[in-house]
There are 2 protein chains.
Amino acid sequence: MTGQANGRTAATRPRIVRAAWEAFRERGYRASLEEVAARAGVVRQTLYNHFPGKKLLFGEVVRHATRSILVTLEGGESLRETLIAFGRALRERVLSPDGIAVYRTLVAEAATFPELAGHFFAEGPVATRERLAEVLAAAMRKGLLRRDDPAFAAEMLIAMLIEFDRLRRLLAPAGKHPAGDHKTEAVVDCFLRAFAPRDSGKKRT
Amino acid sequence: MTGQANGRTAATRPRIVRAAWEAFRERGYRASLEEVAARAGVVRQTLYNHFPGKKLLFGEVVRHATRSILVTLEGGESLRETLIAFGRALRERVLSPDGIAVYRTLVAEAATFPELAGHFFAEGPVATRERLAEVLAAAMRKGLLRRDDPAFAAEMLIAMLIEFDRLRRLLAPAGKHPAGDHKTEAVVDCFLRAFAPRDSGKKRT
DNA sequence: TTTATTTTGGACTGGACAGTCCAGTCCAGA
DNA sequence: TCTGGACTGGACTGTCCAGTCCAAAATAAA
């Protein structure tokens with residue numbers, strides 16, 4: 001069923017998913033299917049032509065949103081540049097309205113959708129940590145960082161980049177959201193001091 | 001109304017609040033008043049004898065829970081000891097089932113109860129950061145830490161202590177929750193390296 | 001043009017739940 | 001013992017919503 005290359009259908013389904021994401025993003029799983037249908041410019045029954053029920057639609061939407069939050073990590077000139085680029089990309093995605101919304105929704109519904117929450121956790125934070133840890137491990141081997149547990153180091157950097165600002169956006173959206181690039185750099189420098197090679201007496205400008 | 005020193009009433013009201021907290025903790029704001037009443041060993045109407053409605057009951061319960069999560073910070077022998085004691089206390093509270101539950105509930109309901117969420121943010125994370133920042137500022141004046149923005153430093157320490165483990169508990173409760181005291185110490189040492197005084201070429205063990 | 005599929009619109013069921021009302025019961029203190 | 005305030009039990013309203021069914025209209029493809 002629900003063949004997906006039929007012209008009208010092919011156009012309808014993505015519209016539904018997009019509309020559903022908007023609705024869930026703003027109102028959480030509370031959002032009614034009526035609301036989703038209205039946003040998609042479609043009637044409620046049509047939703048059931050494409051998805052067996054609300055739960056499955058929610059699952060599809062969340063997986064879609066999860067994918068769109070993933071962060072890339074590419075090498076730069078120096079370790080510091082690489083980490084700063086990573087930090088900016090991470091903060092941009094995670095602290096964006098979509099990033100905050102998907103986080104909020106999954107935290108709220110983790111008890112109802114444990115597999116979805118676990119999937120998000122594994123594909124998001126854990127995968128990001130893993131990839132960052134590889135970069136850090138390489139840097140450790142090159143003597144650019146003190147030898148330590150790369151996964152631990154990665155957790156520390158990610159935590160410092162995100163934690164407090166995400167909290168603010170989650171709980172006090174009215175408040176100001178200051179400091180962008182400057183904060184990223186400050187955190188990366190802080191991280192580099194914490195994990196500087198043991199012997200090095202060097203100081204960076 | 002709802003006089004509170006009347007024997008039966010005085011015993012009933014706290015029982016309701018406790019029952020409500022249990023219900024909201026497990027099922028979020030979804031929890032029905034029927035469920036709360038059953039847990040309190042009381043009939044639904046009795047709830048309305050003490051609270052004007054679900055929202056107000058929820059508010060009372062959340063303020064109560066917020067208060068119980070607050071972290072103390074007392075000076076110890078050395079800065080390191082002080083921070084480790086703080087780290088342990090913070091992690092114990094924030095990562096406890098109650099800490100996770102109140103966080104989850106408020107993140108989920110922040111749109112519906114913005115004042116409650118804002119209150120929690122201000123009384124919890126922000127207040128904690130502020131108190132920690134004072135300790136750090138004092139240490140900076142004594143030359144025990146590099147001169148830097150104490151609020152920023154406090155954010156970094158708190159983030160490192162909590163972030164990833166909270167995420168795990170929120171999203172993948174089935175997974176293992178390893179590392180306790182050891183992690184606190186590792187984080188504090190990491191923090192002390194990051195904010196060591198600029199000139200000091202000392203190395204710890 | 002014909003045909004198969006999708007979409008529409010509207011009606012209906014069943015369930016959950018907040019909030020209200022009221023008559024009757026229980027109990028602590030005067 | 002009496003009495004007022006608190007609790008009980010049950011019924012009732014209004015609302016919201018997921019999910020189902022169906023006949024009619026629209027539309028794309030053969």
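Atom set for the values below is all heavy atoms of this structure, side chains included, hydrogens, waters and symmetry mates excluded. Each chain gets a letter, A, B and so on, in the order the sequences are listed, and its residues count up from 1.
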Would you mind reading off the distance between [X] atom [atom1] and [N] atom [atom2], rounded to a whole angstrom?
{"X": "Y48(A)", "N": "dG10(C)", "atom1": "OH", "atom2": "C1'", "result": "15 Å"}
{"X": "R44(B)", "N": "dA6(D)", "atom1": "CZ", "atom2": "C1'", "result": "18 Å"}
{"X": "F51(A)", "N": "dT6(C)", "atom1": "CZ", "atom2": "P", "result": "14 Å"}
{"X": "Y29(A)", "N": "dC17(D)", "atom1": "OH", "atom2": "P", "result": "13 Å"}
{"X": "L47(A)", "N": "dC17(D)", "atom1": "CG", "atom2": "P", "result": "14 Å"}
{"X": "K55(B)", "N": "dC17(C)", "atom1": "NZ", "atom2": "C1'", "result": "14 Å"}
{"X": "I16(B)", "N": "dT8(D)", "atom1": "CD1", "atom2": "P", "result": "9 Å"}
{"X": "R13(B)", "N": "dC7(D)", "atom1": "CZ", "atom2": "P", "result": "11 Å"}

Nearest-nucleotide pick for [X], side chain only, options being [options]:
{"X": "K54(A)", "options": "dT7(C), dG19(C), dA18(D)", "result": "dA18(D)"}
{"X": "L33(A)", "options": "dA18(D), dA18(C), dG9(D)", "result": "dA18(D)"}
{"X": "S32(A)", "options": "dG9(D), dC17(C), dA18(D)", "result": "dA18(D)"}
{"X": "Q45(A)", "options": "dT20(D), dA18(C), dT8(D)", "result": "dT20(D)"}
{"X": "N49(B)", "options": "dC17(C), dC7(D), dG19(D)", "result": "dC7(D)"}

Give a yes/no answer on whether the side chain of [X] brings an N or O atom under 4.0 Å of OP1 or OP2 in [N].
{"X": "H50(A)", "N": "dT7(C)", "answer": "yes"}
{"X": "T12(A)", "N": "dT6(C)", "answer": "no"}
{"X": "T46(B)", "N": "dT8(D)", "answer": "yes"}

- Task: Would you check if the side chain of R198(B) reaches a backbone N or O of R147(B) as a donor-acceptor pair within less than 3.5 Å?
- Result: yes
- Would you confirm whether R131(B), through its side chain, and V71(B), through its main-chain N or O, come within 3.5 Å as a donor-acceptor pair? yes
- Query: Quick one: do E109(A) and R30(B) make a salt bridge, cutoff under 4.0 Å?
  - Reply: yes
- Item | From L47(A) atom CG to T12(A) atom OG1, the distance as rounded to the nearest 0.5 Å | 10.5 Å
- Query: Does R27(A) or P52(A) map to a spot on DNA chain D nearer the 5' end, using the closest nucleotide for each?
  - Reply: R27(A)
- Apply side chain to side chain contact (heavy atoms under 4.5 Å, CB included) to the pair R80(B) and D189(B), showing each step before the final yes or no. CA-CA 8 Å; R80(B) 182 167 182 274; D189(B) 287 332; 2.7 Å; yes
